[in-house]
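Step one of this worksheet: look at the structure below.
Every value quoted in this text rests on a predicted model; they were computed, and no experiment measured them. Proteins get letters first, then strands, A, B, ... in listed order; numbering begins at 1 in each.
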Number of protein chains: 2
Amino acid sequence: MALAEAIAELEGVLGARLSTARAERDQHGRSETWFPDAPPDAVAFPESAQEVSEIVKICARHDVPVTAWGTGTSLEGHALPIRGGISLDLTRMDRVLEILAEDMQVRVQPGITREALNTDLRATGLFFPVDPGANASIGGMAATRASGTTTVRYGSMRDNVMALEVVMADGRIIRTGSRAKKTAAGYDLTALMLGSEGTLGVITELTLKLHGQPEAISSAVCAFDTLEAAVETVQLTIQMGIPMARIEFVDDLTAQIFNEANGTNFPAKPHLLIEFHGSEQAVAEASERFGEVVADMGGADFQWATTTEERNRLWRMRHGAYPATIAHRPGCMGLVTDICVPISRLAEAVSATKRDIEAAGLIGPVVGHVGDGNFHSVLLLDPEDADEFKRAKEVAGKMAERALAMGGTVTGEHGIGMGKIGYMRAEHGAGWDAMAQIKRALDPQNILNPGKVVEQN
Amino acid sequence: MALAEAIAELEGVLGARLSTARAERDQHGRSETWFPDAPPDAVAFPESAQEVSEIVKICARHDVPVTAWGTGTSLEGHALPIRGGISLDLTRMDRVLEILAEDMQVRVQPGITREALNTDLRATGLFFPVDPGANASIGGMAATRASGTTTVRYGSMRDNVMALEVVMADGRIIRTGSRAKKTAAGYDLTALMLGSEGTLGVITELTLKLHGQPEAISSAVCAFDTLEAAVETVQLTIQMGIPMARIEFVDDLTAQIFNEANGTNFPAKPHLLIEFHGSEQAVAEASERFGEVVADMGGADFQWATTTEERNRLWRMRHGAYPATIAHRPGCMGLVTDICVPISRLAEAVSATKRDIEAAGLIGPVVGHVGDGNFHSVLLLDPEDADEFKRAKEVAGKMAERALAMGGTVTGEHGIGMGKIGYMRAEHGAGWDAMAQIKRALDPQNILNPGKVVEQN
């Protein structure tokens, strides 16, 4: 790595948009969770794909790592430049390039956040549905194959990205996919890039699918005596084909944390939060049928959020679950788990996890995108207590192993980053070698976000 | 290539399930359309992934090509072993391995056909929705990323395959994906294999998503005065969020061909064929709203197919369009085109195509999965008339160029095979080189279906 030469050349291209200031480096070397800080040697702020290409070419010439940065909201340390080099901050590339309303599509730059995008779309009657909770950048969401509360209805980034522009490891700019709704033209490079966490290329433009803002929305919350009854309600609802836009599980401890943070008074029981989107008539029918399932399963304290305000309050509470959980134990940090299992095994996976947390003497509320079989526990840790951290890692390890034994995955939506790389061999076996073969073919110098996703030489 | 040694070794493994008989070779060297016959040197009939792995290892050792074979129904010559070697006939691997009803999933071998699968599923209340018309093998549908009439509602193979077992070019057996509904665990090898047309690996097992058989189904057909009115009806229906399970366009000539083949009496006008799936109430609502759109757009001769028999008859007619079209001009063969464009450009693309066909003095009815922006013309050719063939190729070329100029793709669902490889550079630019890099990394000897998808050395 010829770092000094690379930085000098990058300054020649970017001027003041290449920073080696301590504050910038520190900010781009921090993650939202427990990973040690890893500041880059410099931070670049490109304004076009052409500039990204030039930066990557300079870095390739001098063997300097390049790690893309969006909003820094990822939970597995994806954007930490653990081998130094350049942090490629894409926040200046945050424009909506073209709204294609007739085709229900939009072309955007990677640095735009999902909330900013939806604000820009408001007048069109369309919206971008993928909602991981955090106000992440669209580029980062694509790179981590993000999903969230609305995935049960609208799909994940895998389902909502049609085409990409990508700068490859040698600085070539390629385009993947098309604006057609489907294609059978060769290898699916779009899907390959989604979830590659910046290790195969840097996304510089995205064409996204949009959806019509629903005519009617109806949300509800209801309590269950047992976790099993809540999960069985979800299974039945899916099997009956009742179309849900969101269906979220929160456990008894999370209900209590909601009360602490929001002044609500949910009973200390497992709850489901649900939402329906559609025509007035379709939403009314779905709500009615769902209400019948809940009644059959012994659900209680059923409350419909009928006004926009009530509805927004409900989902703000759900989206605020992570900070509210951190606040539940002052001074703590969170180790966030993220497994996804076939829905037939979900109740079993959640109860075993809760038993493990209790046996380890930890505090860890459980929330889940149950329509997808995906759930998280935030294990609350005293940063000074090494033994507690060790026990939390053991619980996380048991969750991952159990997910694999059940035919699931060690990460439903947070990705690999630094936190899950140790499970890749267990999840993929020889498939992990195929991933490394692809990485070596497309990035032979290993300069794009090195140390992530694939086995390291 | 040390063919004789390879065949001797393969006979050692497979015995009589390795055939060099003329009839077998001829049958595996033929396609459904105009490509020249290309028989393999031998045909292997494996019965397990382990046997597929052994076959591939022997072929790798002797540098002999291996081309997988399902039902031979592909339309672009995908399964033609154009460089000789072994045709790997997977029809003996045609079992349902496990029905996972609670998770609405099924594990199958690649040789099972979609109709056989749905017959096996009948008692479960579930079905596999992807429907390319032909009774193709599930493995072949995955390898070509197939879609069809129901894709507008249920998605394509890309959306309905959760996990694969794949034999790689060196004989390694890998597993991709999982039984979880979503995952963010590394590169999406499942998506990479779908549409790779047997050039990156041989699919030996698939885990598929299933869907609940709808409580109610309602189908209709209606005529429009103009193509534009028919397409605009589709656009409006999508924008209003009316959930369609199928929406098919057929042009005036196809309506006439239906009449010839089925004794119906559709007017010689553009038609839409539509179907709704859902609860009784949801289907009634969707039908009513769709009826209003049709009326606004001046649609006429609106006929609902209310009984199962009427409905089956309607879709049998649509699925029989290809043979009925071939029969329309006795002794002819068909050159089948397959472009997909953004829906805002669909009417323009279809009318320009019809003008091109007329200007070239050809007969070519147009049908389309219009909800996806995908349409086909079958250009009917006298096999003896070289000039007619040349004119047909020119029309196909213009369609492909127009699709790309409109931001679409040269193949919505039929794939690359032999017919579309000449357009890959135009569609993908430098992205096509990235595909070749991946191919070389995963199949350095180029033994898996050589000559297809990627640029050839």
Distance in Å, A/Q105 CD paired with B/S344 OG, rounded so as to fall on 0.5 Å steps: 7.5 Å
Residues 234-241 of chain B: residues contacting chain A (heavy atom under 4.5 Å, by number): B/Q235, B/I238, B/Q239
At a 4.5 Å cut-off on heavy atoms, which part of B/D372 comes close to chain A: side chain, backbone, both, or neither? both
Quick check on A/T207 against chain B: is it the side chain, the backbone, both or neither that has a heavy atom closer than 4.5 Å? neither
Heavy-atom distance under 4.5 Å to chain A: side chain of B/V152, backbone, both or neither? neither
Spacing of CZ belonging to B/R179 relative to SG belonging to A/C340, to within rounding of 0.5 Å: 11.5 Å
Mind ranking A/T144, A/V341, A/L189 by heavy-atom pairs under 4.5 Å with chain B and telling me who comes out on top? A/L189
For chain B, which of A/A101, A/G186, A/G125, A/G155 has the most heavy-atom pairs under 4.5 Å? A/G186
Given B/R175, B/E102, B/K420, B/E285, the one with more heavy-atom pairs under 4.5 angstrom with chain A than any other is B/E285
Quick one: pull up OH in B/Y187 and CG in A/L442 and give me the separation to the nearest 0.5 Å. 8.0 Å
So what's closer than 4.5 Å to chain A heavy atoms on B/E427: side chain, backbone, both or neither? side chain
Among B/T151, B/V453, B/I438, B/L200, the residue with the most heavy-atom pairs under 4.5 Å to chain A is B/L200
A/G408 to B/S178 - nearest heavy-atom pair and separation: O-CB, 3.7 Å
Atom group of B/I343 that falls short of 4.5 Å from chain A, counting heavy atoms: both
Which pair of heavy atoms, one from B/A191 and one from A/A191, lies closest together, and at what distance? CB-CB, 3.4 Å
Does any backbone or side-chain atom of B/H211 lie under 4.5 Å from a heavy atom of chain A? Answer side chain, backbone, both or neither. neither
For chain A, find its close neighbours in residues 161-172 of chain B: heavy-atom separation under 4.5 Å, sorted by number, or none. B/M168, B/R172
Highest number of heavy-atom pairs under 4.5 Å with chain A among B/K439, B/Q281, B/M406 belongs to B/Q281
Counting heavy-atom pairs under 4.5 Å to chain A, which of B/E215, B/Q437, B/M435 comes out on top? B/M435
The side-chain hydrogen bond (donor to acceptor under 3.5 Å, both in side chains) partners of B/S196 (sequence neighbours excluded) come to none
I need the residue from A/R158, A/M424, A/E413 with the largest number of non-hydrogen atom pairs under 4.5 Å to chain B. A/R158
Pair count under 4.5 Å, heavy atoms only, with chain B: among A/I339, A/T176, A/T190, A/N374, highest is A/N374
Any side-chain to backbone donor/acceptor pair from B/R145 onto A/T183? Under 3.5 Å, distance only. yes
Is there a side-chain hydrogen bond (donor to acceptor under 3.5 Å, both in side chains) between A/K182 and B/S156 once you walk through the steps? CA-CA 8 Å; A/K182 62 183 195 181; B/S156 71; over 6 Å; no
Note: vs chain A, highest number of non-hydrogen pairs under 4.5 angstrom among B/G177, B/A403, B/A430, B/P342 is B/P342
Determine the minimum heavy-atom distance between B/R289 and A/S279, stating which atoms define it. NH1-CB, 4.0 Å
Give me each pair satisfying salt bridge (charged side-chain N to carboxylate O under 4.0 Å, His left out) with a member in residues 189-200 of chain B, each pair once, sequence neighbours excluded. none
Polar side-chain atom of B/D188 near backbone of A/L192 as donor-acceptor pair, under 3.5 Å: no
Are any side-chain N or O atoms of B/K181 and backbone N or O atoms of A/G371, one a donor and one an acceptor, separated by less than 3.5 Å? yes
Identify the heavy atoms of B/I416 and A/A185 that sit nearest to each other, and give their distance. CD1-CA, 3.6 Å
Backbone of B/I174 reached by a side-chain donor or acceptor of A/H428 within 3.5 Å: no
Looking at A/S147, A/G212, A/G373, which one has more heavy-atom pairs under 4.5 Å with chain B than the rest? A/S147
